[in-house]
Protein chains: 2
Amino acid sequence: MNLKQLAEALSLSQTTVSRALNGYPEVSEETRKRVEETARRLGYAPNSQARRLATGRSMAIGHVIPVSLHEMMNPVFMEFIAGAGQTYARFGYDMILTVVPDAQVGAAYREIAVRKKADAVMIHGPRLDDHRHEILQELKIPFLIHGRIPGRENDLSWIDMNNGSAFETATDLLLDLGHRRIALLNGLEDMDFAARRRRGFERAHAHRNLTADPALMRQADMTEPYGASSAHALLDLPEPPTAFLVSSMITAIGVSRAISERGLKMGRDVSVITHDDALSFLPNTGDKPIFTCTRSSVRYAGERAAELLIDQVMPHPDKPVHEYLKAELIIGHSTGPAPKA
Amino acid sequence: MNLKQLAEALSLSQTTVSRALNGYPEVSEETRKRVEETARRLGYAPNSQARRLATGRSMAIGHVIPVSLHEMMNPVFMEFIAGAGQTYARFGYDMILTVVPDAQVGAAYREIAVRKKADAVMIHGPRLDDHRHEILQELKIPFLIHGRIPGRENDLSWIDMNNGSAFETATDLLLDLGHRRIALLNGLEDMDFAARRRRGFERAHAHRNLTADPALMRQADMTEPYGASSAHALLDLPEPPTAFLVSSMITAIGVSRAISERGLKMGRDVSVITHDDALSFLPNTGDKPIFTCTRSSVRYAGERAAELLIDQVMPHPDKPVHEYLKAELIIGHSTGPAPKA
DNA sequence: TTGAAAGCGGTACCAG
DNA sequence: CTGGTACCGCTTTCAA
C-alpha cells in the first residue's frame, strides 16, 4: 500500500492525500476525515526512506558507542541509551545505534554524516584528549556531548552532572565525620568525568589544608573485582584508610564484599560513599539505602539529552546548549564516624 | 557531494560511476580505479535513504525493547544489543533501536514493518503468552527470537541457551554435594527462560525421587536487594536451605551479601550457584571464580543472533533456524558440601 | 564498456 | 480547496 494506491482508492490526487495526512491547512475537513479514515482502514503509512529522501531530514539520531577495553562504561552507556530512546520514540525519531571498536568511532560518525543516516549524533564518554567533536564539526552535523570536553565547555553543547562538586561534597562529609585517611577508587582518569571527580576529592582536602595521600588513590575500570581487590590491598596497608569514596556502585559492591570478608562492618569500621548512577538493576533506595551516595540518574540524563538534541535539529537558533545536572547526596547505611585510632 | 556531481567531476555518466562503485563487472578496470580514487578524494558516499528507496532494502535491523516494570532485564538486553550491534556494523547493517513501554511494542513493530524501516527485527525476552510473533508474521517481516515461545519451537527462528538442562545440571551438582534443602531464586516465571529454569530445577529433584519445596522457590525481578532480602528471609526459616540456585549474578551478589551479613561464609556454610550471563561489567572469572555458575555469554548470543538474522534477510531459502547454546558449568568458591545437620 | 531514462515513494511548488 | 509535476539521489533496465 503506497501513496499512489491510496490516492486511487480515494479518487484523489497524491498531493491532496499527502496534504491531508500531514495536517496541511488547505484541505477541507471533510476530505481530511475521509482520507484519514481510509488510510487507517487500509493500513497505510508512508515509507520512511521515501519521505526522508524527499524532505532531506532523516528523523533519526545516531549514537556511536565504542566497545573499548573499558567495558565498564557499558552499563552506563546503555542506561543512557534507554533514556534517550524513550524520548526519541515519543518524538517520532529513530535511534540508530552503532557499536564499534574504539578505533572505528571516527569512521562510524563519518559514515552517519556523509550518508545522511541521521540528523544529529550523540558523543558518549568524552576523554581528556577527545577529538570526535572536530570530526563532527568538519562534517557539519549537530551533536551533543554526554559529559564535557576540557576547554570546550562554552562553545559545544553538552549535558553533564556536577562530577567535581559532587565528589567534593562527598569527601567533605567523610572529613566531617572525622575520617582522615580516605581512599579514592576512581574510574580511569583519562575520562573527563573521572578527572573531575578526582579534582573534587583533592579540593575538599585542600580546603582544610590536608593533602590526599596518592597511595590511597586508584583508577581502573569500574568492575566489582576492582573494588574488592583494591579494598583488600588498601586495608592491608600499615596505615589503612578508614573510608572509601568510590566512582561506581558496582565497584562499591566489591568494596563492601572485601569489608565483610575481613570480618569488618561497613558503616562502622569502614565508611563507604559511592556514586550511584541510579542504574535500574542496582537500586540503592529505601529510606536508608545500603550505600551513602551521590546520585544522579543517567537514564534521566539520556532523556534530557535526547530532548536537547532534537531541539538542535529543529529549525531553530542553534547556540550551544548546556545542561548541568546536580547529583544529590544521600545518606545510607555505609557511613559513620571514623573509628578512634 | 552526490552521485551527479561526482559523475560530472569525472565526465562520466551516473550509471557508470554507480556501477564502478558497486563492483559491477562490466566496468573497465581502469575506469573503476579512477572512479574509486576520485570518490575517495572527494569524500563521496551514497546517500542511504536514496539507495534504500531505490533498492527496496533498508539494510537495517530493528530491535524493540520494552521498558517494562521488569527493568532487570535491561542489562541482559543491552549486552545482547552490544553483541548484535558489532555484527551489524561488520556487515554494513544499521541497527535501529526502539525503546517503548510494554504496551507499545506491538505498535512499534508495526511501524517498523509498514514504513519499511528495517528488513527484519529481533524479539527480546519472550513470555509464556507472547504474541509478538503473530503481529510480525501478519506483517510478513522476518524475525528471530532471543529465547523461545512455548509451542512454537519448530516453526519460528530462535537462538537460546539450554536454560532447563543448565539448571538441572546445577541442581544435580548441589544434590551431589549432599544438599537437600535448595532454594531457587528465579526470574519472573512468566518469562520463558525462567519457566524452563524452574522445570530443570524440579527435574533434578524428581530424578532422585525428591520434591523441591515450594517454600524455597521464589521469583522476582532479578535485583541485588531481591537476592539479599530473600536470602535473609529463607535463612530465617526453621529449616533453612543450605544452598541457593540463583538466576542472575546481580541477585547472587545480594545473596552473598546477606550470607556475610549473617556472619556465615559462602561456600562453607551456604552454597550458591548462579547463572552468569557473562556481563562485561561483572566478570566472574579467574581459575576459581567467586561464584560457581552456569555461564553463557549473552553478548555472544547477540553476535550469533545478528548473523542468523542477516542470513534470513539475504535472498535465501528461509527455513526457520534454531541455535542452541550450551551453558558451561564452572566451579567457583561458592559451593561446597552440605554442612552436617 | 558506457549512457539515457524510468522508476523507487514521497513532498512541495505552482497553477487553476 | 484540489491537482499536475518537478524534484530528492540512487539503482537498474534497455539501447547503443
Side-chain angles (χ1 to χ4, degrees), chain A residues 1-36 38-39 42-60 92 94 111-119 141 314-315, chain B residues 1-36 38-39 42-60 92 94 111-119 315:
Chain A
M1 170 95 301
N2 60 23
L3 183 60
K4 189 170 175 185
Q5 297 167 327
L6 176 59
E8 273 163 13
L10 282 157
S11 319
L12 281 175
S13 72
Q14 296 189 28
T15 313
T16 305
V17 177
S18 170
R19 277 198 281 238
L21 260 22
N22 289 306
Y24 279 62
E26 60 266 57
V27 174
S28 78
E29 249 342 279
E30 169 182 43
T31 332
R32 187 192 307 281
K33 286 273 172 279
R34 196 161 67 90
V35 171
E36 283 176 346
T38 317
L42 271 47
Y44 168 79
N47 179 306
S48 301
Q49 329 296 349
R51 171 186 287 206
R52 287 166 175 176
L53 179 56
T55 59
R57 308 183 57 205
S58 71
M59 291 301 284
D94 286 343
E111 282 278 286
I112 290 178
V114 76
R115 315 188 93 112
K116 305 262 160 36
K117 288 185 175 181
D119 298 326
I141 182 172
M314 298 290 193
Chain B
M1 169 97 298
N2 60 24
L3 184 59
K4 188 168 174 188
Q5 297 168 327
L6 176 60
E8 273 164 13
L10 282 156
S11 322
L12 281 174
S13 71
Q14 295 187 29
T15 314
T16 306
V17 177
S18 170
R19 279 198 279 240
L21 259 23
N22 289 307
Y24 281 59
E26 61 267 54
V27 172
S28 79
E29 250 340 282
E30 169 182 42
T31 341
R32 186 190 309 280
K33 284 274 173 280
R34 198 161 66 92
V35 171
E36 283 175 345
T38 316
L42 271 47
Y44 168 80
N47 178 304
S48 302
Q49 329 296 350
R51 170 185 286 201
R52 286 166 178 177
L53 180 57
T55 58
R57 308 183 58 205
S58 71
M59 292 298 285
D94 286 344
E111 281 279 285
I112 291 178
V114 75
R115 315 188 93 112
K116 304 264 165 24
K117 287 184 176 182
D119 297 327

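Here is the naming used below: chain letters follow the sequence lines, and residue numbers restart at 1 for every chain.
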Report summary line: Given protein heavy atoms under 4.0 Å, the one-letter contact record of nucleotides 6-16 of chain D, with B base, S sugar-phosphate only and - none, is simply --BBBBBB---
Can you tell me the distance, in whole Å, between the [atom1] atom of [X] and the [atom2] atom of [N]?
{"X": "Lys33(A)", "N": "dC1(D)", "atom1": "NZ", "atom2": "C1'", "answer": "16 Å"}
{"X": "Leu21(A)", "N": "dA12(C)", "atom1": "CG", "atom2": "C1'", "answer": "15 Å"}
{"X": "Glu29(B)", "N": "dT1(C)", "atom1": "CD", "atom2": "P", "answer": "10 Å"}
{"X": "Leu6(A)", "N": "dT11(C)", "atom1": "CG", "atom2": "C1'", "answer": "15 Å"}
{"X": "Lys117(B)", "N": "dG10(C)", "atom1": "NZ", "atom2": "C1'", "answer": "15 Å"}

Show the nearest heavy-atom pair for residues [X] and [Y], with the distance to one decimal.
{"X": "Tyr44(A)", "Y": "Leu6(A)", "value": "CD2-CD2, 3.6 Å"}
{"X": "Val27(B)", "Y": "Arg19(B)", "value": "CG2-CB, 3.7 Å"}
{"X": "Ile112(B)", "Y": "Ala118(B)", "value": "CG2-CB, 3.6 Å"}

Please set out all donor-acceptor pairs under 3.5 angstrom arising from side-chain atoms of residues 7-15 of chain B, sequence neighbours excluded.
unit_1   : atom_1 : unit_2   : atom_2 : d
Ser13(B) : OG     : Thr15(B) : N      : 3.4
Ser13(B) : OG     : Thr16(B) : N      : 3.1
Ser13(B) : OG     : Thr16(B) : OG1    : 3.0

Requested in this report: Carefully, step by step, assess Glu30(B) and Lys33(B) under the rule side-chain contact (heavy atoms from CB on, under 4.5 Å).
Outcome: CA-CA 5 Å; Glu30(B) 169 182 42; Lys33(B) 284 274 173 280; 5.9 Å; no
Query - Non-neighbouring partners of Asn47(A) that pass side chain to side chain contact (heavy atoms under 4.5 Å, CB included), sequence neighbours left out - result: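 Side chain to side chain contact (heavy atoms under 4.5 Å, CB included) check on Asn47(A) returns Gln49(A), Ala50(A), Lys116(B).
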Query raised in the report: For dT2(C), does OP1 or OP2 lie under 4.0 Å from any side-chain N or O of Thr16(B)?
Result: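 Thr16(B) to dT2(C) OP1/OP2: no side-chain N or O under 4.0 Å.
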